[in-house]
Structure formats: C-alpha cells, structure tokens
Number of protein chains: 2
Amino acid sequence: MAPTARRPSRVAKLPPRERILDAAEELFRDEGIRRVGVQAIAERAETTKMALYRHFGTKDELVAEWLRIVAADYRAAFDDAEAEHPGLPGEQILAVARFVAEGLPALTYRGCPFVNSLAELPDRAHPARQVIEEHKAHQARRLLGMCTEAGLPEPEQAVAEITFVLEGAQVSAQNGSVDQVGERVMRIVEGVVDRRRSAVSGTSVG
Amino acid sequence: MAPTARRPSRVAKLPPRERILDAAEELFRDEGIRRVGVQAIAERAETTKMALYRHFGTKDELVAEWLRIVAADYRAAFDDAEAEHPGLPGEQILAVARFVAEGLPALTYRGCPFVNSLAELPDRAHPARQVIEEHKAHQARRLLGMCTEAGLPEPEQAVAEITFVLEGAQVSAQNGSVDQVGERVMRIVEGVVDRRRSAVSGTSVG
DNA sequence: ACCGTACGATACCGATCGGTATCGAATGGC
DNA sequence: GCCATTCGATACCGATCGGTATCGTACGGT
C-alpha cells in the first residue's frame with residue numbers, strides 16, 4: 001500500500017499556512033493576482049477560505065506575504081553570489097545576472113512577479129507595494145555595492161544599465177524566444193563589467 | 001437659434017466611439033484593465049454602456065483596440081525616426097530611444113501598457129495578446145533593420161541589448177526617480193551604437 | 001480526562017462585474 | 001416630410017468576488 005500516493009507532493013502534510021502560501025505562489029504567478037480568487041487558492045491548498053482568512057486576514061496581505069517570499073529568494077541570490085565569490089565583485093555581478101538568466105525559462109509564460117504585481121496593483125497604498133519598493137531598493141543597494149567595489153566608474157550608471165537589462169530581459173522573455181535571452185543577457189552584463197573596467201584608462205568620460 | 005438643449009455646441013464633441021477610446025485609454029493606462037469596468041469607461045466618455053457594446057461588442061475587443069492605437073504611436077515613432085534621419089541608422093536608433101526616454105515621465109505612475117496588459121491578461125487567447133505580439137515583432141523588425149543598416153556586428157545582439165534597456169527603463173520608471181532614467185537610457189543606447197561601431201577594427205563599415 | 005485552539009465545511013452577505021433587453025429621442029440621407 | 005439608424009437612459013441578469021458568521025470536530029498541552 002502507498003498511503004503517500006495521495007498527491008504528487010506531500011502538501012497535505014504541511015500546515016495549512018504553508019499550503020496556502022504554496023498554492024498562492026503558484027496561482028498568482030501563473031494566472032495573476034486579481035484573476036485568482038481566494039476560493040481557488042483555498043481549494044488548491046486543500047483547505048478552506050476560513051483558514052486563509054484566519055492566517056492572513058486579507059487577500060491583499062496574502063499577496064504581500066507571497067511577494068516577501070519571492071523577495072527573499074532574490075536576496076538569497078545576492079548572498080550566494082557574495083559567498084561564492086568573496087572579494088570578486090565582478091564575479092558577484094555575473095552570478096546575480098546568471099541567477100536571473102537561469103530563472104528566465106521559468107518566467108516564459110508569466111513574467112517577473114514584481115512587475116506583474118505592479119501592473120495589477122495601481123493602488124500605491126496596497127500592502128504589496130511597500131514590499132516591492134523595499135525589494136527594488138535592496139536590489140539597487142546591493143548592486144551599487146558590487147559595482148562600487150569593482151571600481152567601476154560611475155557605479156550608479158552601471159547599476160542602472162544592469163538593472164535595465166535584467167528587468168528588460170525578464171519582460172522580453174515573457175513573449176518570444178527565451179533560450180537565447182539568457183545567453184544574450186549574460187553577454188551584455190559581461191560587456192558592461194569588462195568595458196567599464198577597461199574604460200578607466202583612456203576615454204573621456206564626463 | 002439656441003445652440004441647444006441637449007448637447008452643448010461650445011466644442012464639437014467627438015463621436016461616441018472616439019470618446020470611448022479616449023476614456024478607455026486614460027482609464028486602462030492609469031488604473032489597469034481588470035480594475036476598470038465598462039460602466040466607468042462609459043461614464044467618463046459621457047455615454048452609456050450600450051454605446052460601448054454597440055461599437056466594440058466586448059470589453060476584450062475594446063482593450064485590443066486600445067492597444068492597437070498605442071502600437072500605432074510607436075510605429076509612428078519609428079517612421080518619424082527614419083524620416084528625420086534618412087540614411088543615418090545610428091541617429092534613427094537614438095531617435096527611437098529618445099522617443100521612449102521622453103515618454104518615461106508619463107509612465108511614472110503606470111508602466112508600459114503592453115507589459116501591464118501582458119501581466120493582466122494571462123490568457124493567451126485574449127484578442128489583445130495578438131496585438132501585443134505583433135507589436136513586439138514589428139518593433140524588433142524595425143530595430144533589426146536599423147542595426148543592420150548601421151553595420152553593427154551581430155545586429156541581433158544589438159537589438160536584444162537595446163530592447164532590454166528600453167523595456168527595463170520603462171519598468172524601472174514605474175517605481176523610483178524618473179528624471180535620471182531618461183538620461184541614463186540615452187547614454188546607454190549611445191554607448192551601444194558607438195561601442196559596437198568602433199569595436200570592429202578590421203571590418204569595413206559602409 | 002479536560003479544555004482551549006485550530007481546522008474544515010457551509011451558508012450567507014453586499015458589491016461589482018460583463019453583458020443584454022427595451023424604449024424614447026435625436027439625427028441624417030433621400 | 002419620411003424613415004432607418006444611431007444614441008442615451010434604465011432596468012435587469014447571472015456570475016463571481018472578498019469577506020463574515022456559525023457550528024461541529026480533531027488535536028495537543030497540562
């Protein structure tokens with residue numbers, strides 16, 4: 001007998017709160033926020049709306065909690081990048097870029113959760129907006145640290161360029177061919193780091 | 001004779017269809033698609049839901065029609081770029097970038113309509129999705145033409161880089177300080193064109 | 001064994017949504 | 001002047017939404 005063969009994942013064993021978060025993550029990412037009702041989330045989590053409201057109080061708060069988890073993943077990517085390439089900010093930047101590039105295929109059908117949430121939540125007072133804002137600020141801060149430590153001239157400009165490229169790549173991956181997007185984004189970021197590192201010696205930069 | 005009871009003749013009011021499109025453009029851009037009801041659109045257009053459905057049949061079709069108009073604006077930007085800088089593909093590229101950069105402030109609160117729509121319409125069968133896809137393809141085709149004509153090596157890579165930057169800039173503008181974003185994106189695109197033009201020391205660029 | 005808590009199930013609420021039906025008034029072409 | 005078409009207004013429909021109330025039960029700490 002195989003009592004564990006109930007569901008593909010032993011989701012049923014996790015406490016309701018975790019199951020709800022897993023279900024929300026999946027549904028929000030694949031179908032959007034507004035499109036998904038709390039009922040659908042509860043059903044996929046094999047629980048009820050009541051449990052959802054007992055734990056999160058509001059759908060909006062559940063959305064915010066979901067984004068907090070996604071933001072934590074990105075933060076971990078920065079931590080890993082620094083841990084794996086200590087004292088090598090250039091490699092750290094590339095590692096972060098690689099994290100994004102490797103995540104692109106998973107975003108093929110649906111884009112960046114933060115961008116999508118921003119699109120779906122025009123209300124600046126929405127609790128999720130604060131999470132997004134902090135995430136963006138954190139990401140910029142970490143990147144700025146790496147670019148500065150790497151000795152890139154005009155580190156802010158470098159951060160902007162890297163940010164635009166990574167963000168744009170995620171957006172572009174949402175539509176067309178994705179496989180090449182990963183390679184292209186890596187080549188671009190490599191170019192940013194290399195070019196700016198070697199640019200210090202000659203050209204007249206403002 | 002009395003200029004009228006019913007309709008003020010002070011300014012020739014546009015036909016209902018145009019008023020609806022204007023209202024839809026404004027509301028969809030500022031508050032999103034799903035968040036805005038047909039009732040709200042009709043009211044802002046100073047007409048009724050019935051008129052809306054008589055002209056567009058469906059809210060989804062209205063969304064698609066709105067995006068067709070937005071896409072036409074972008075297409076016009078490409079046309080203008082080519083018309084104003086005939087035979088100078090590099091300048092054309094910069095003109096297109098400038099068009100996007102100058103449009104950033106208007107996107108401060110809400111981002112790119114296409115990206116937002118993509119986020120709000122996960123259903124690939126939605127009529128608007130086809131409009132978006134064609135728009136992206138068109139944009140890539142035009143950019144590829146310019147990059148190729150400019151003699152840039154690996155024009156596809158250049159197109160990817162420009163596309164990512166422009167797309168990413170629009171996304172980034174949605175959040176933080178915008179003023180610098182315009183300048184930064186121009187400097188980046190200038191860098192792409194210049195750097196790649198001078199990168200080929202051995203090949204003859206015609 | 002007891003009891004407080006969390007959980008599951010269900011029924012319900014008010015609001016809003018996209019879309020339709022209907023009807024009177026205005027308008028423009030002939 | 002006549003008539004077909006368009007437009008405006010309103011009332012309505014079924015569905016779905018976020019959120020709440022209620023109630024019985026399963027479980028864990030003491």
Side-chain angles (χ1 to χ4, degrees), chain A residues 3 6-7 10-24 27-28 31-67 117 120-123 125-129, chain B residues 1-24 27-28 30-66 117 120-123 125-129:
Chain A
R6 221 164 118 54
R7 286 262 305 170
R10 338 287 189 258
V11 167
K13 290 307 281 182
L14 282 81
R17 188 171 196 277
E18 312 305 318
R19 299 204 308 264
I20 293 171
L21 281 172
D22 285 346
L27 291 173
F28 286 156
E31 305 183 24
I33 297 173
R34 303 189 68 89
R35 203 182 172 91
V36 172
V38 289
Q39 174 86 25
I41 298 173
E43 283 178 4
R44 178 173 290 248
E46 296 182 41
T47 179
T48 62
K49 271 167 55 174
M50 276 314 301
L52 190 154
Y53 280 100
R54 269 194 279 258
H55 282 289
F56 302 96
T58 291
K59 181 187 179 183
D60 291 344
E61 260 308 319
L62 175 59
V63 174
E65 195 63 26
W66 161 55
L67 289 180
S117 298
E120 290 201 83
L121 308 173
D123 182 7
H126 194 287
R129 293 293 295 257
Chain B
M1 55 183 80
T4 174
R6 233 196 101 35
R7 234 231 346 89
S9 57
R10 45 175 182 178
V11 176
K13 207 195 258 183
L14 283 79
R17 189 171 196 279
E18 312 305 319
R19 299 203 309 266
I20 292 171
L21 281 172
D22 286 346
L27 290 173
F28 285 155
D30 291 348
E31 305 182 25
I33 297 172
R34 301 187 69 89
R35 205 183 170 90
V36 171
V38 288
Q39 174 86 25
I41 298 173
E43 283 178 3
R44 178 172 293 248
E46 296 183 47
T47 177
T48 62
K49 270 168 56 174
M50 277 314 302
L52 191 154
Y53 279 99
R54 269 194 281 258
H55 282 288
F56 302 95
T58 291
K59 181 188 179 182
D60 291 344
E61 261 307 319
L62 175 59
V63 174
E65 194 62 26
W66 162 55
S117 298
E120 290 201 84
L121 309 174
D123 182 9
H126 194 288
R129 292 293 292 258

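Chain letters run A, B, ... following the sequence lines, proteins first, then strands; residues in each count from 1.
- Within residues 57-66 of chain B, no residue has any heavy atom closer than 4.0 Å to DNA chain D.
- In terms of phosphate contacts, B:T48 brings no side-chain nitrogen or oxygen within less than 4.0 Å of OP1 or OP2 of D:dA9.
- If you check D:dT20, D:dG8, C:dG18 against the side chain of B:T47, the one that comes closest is D:dG8.
- Scanning atom types as modelled, one donor and one acceptor separated by under 3.5 angstrom connect the side chain of A:R54 and the base of C:dG8.
- Looking at heavy atoms from C-beta onward, A:L62 lies in side-chain contact with A:I41 at the 4.5 angstrom threshold.
- Look at CD on A:Q39: it is 12 Å from P on C:dA11, rounded to the nearest Å.
- Atom CD1 in B:I41 sits about 10 Å away from atom P in C:dC17, given to the nearest Å.
- Within the 4.0 Å cut-off from OP1 or OP2 of C:dC7, at least one side-chain nitrogen or oxygen of A:H55 is found.
- Using a 4.5 Å heavy-atom threshold, the side chains of A:S117 and A:I33 count as touching.
- Nucleotide C:dT22 holds its C1' atom 14 Å from the NZ atom of B:K49, rounded to whole Å.
- Taking every side-chain heavy atom of A:M50 into account, D:dA21 is the closest of D:dG8, C:dG8, D:dA21.
- Following rounding to the nearest Å, A:E18 (CD) and C:dC7 (C1') show an atom-to-atom distance of 15 Å.
- Rounded to whole Å, atom C1' of D:dT6 lies 15 Å from atom CG of B:L52.
- Remark: B:R19 is not in phosphate contact with D:dC7, judged by side-chain N or O atoms under 4.0 Å from OP1 or OP2.
- The shortest distance between side-chain heavy atoms of A:L27 and A:R44 falls below 4.5 Å.
- Here the P atom of nucleotide D:dA11 and the OH atom of B:Y53 are 18 Å apart, to the nearest Å.
- Residues A:L52 and A:T47 form no side-chain contact, since every pair of their non-hydrogen atoms from C-beta on lies 4.5 Å or further apart.
- In the set C:dG18, C:dC7, D:dT20, the nucleotide with an atom closest to the side chain of A:P16 is C:dC7.
- Following rounding to the nearest Å, B:L27 (CG) and C:dG18 (P) show an atom-to-atom distance of 12 Å.
- The shortest distance between side-chain heavy atoms of A:L67 and A:F28 does not fall below 4.5 Å.
- Legend: residues meeting side chain to side chain contact (heavy atoms under 4.5 Å, CB included) with B:A64, ordered by chain and number and at least two apart, are B:E61, B:R68, B:P127, B:A128, B:V131.
- Following rounding to the nearest Å, B:L121 (CG) and C:dG18 (P) show an atom-to-atom distance of 13 Å.
- You'll find the side chain of A:D60 reaches within 4.5 Å of the side chain of A:H126, heavy atoms only.
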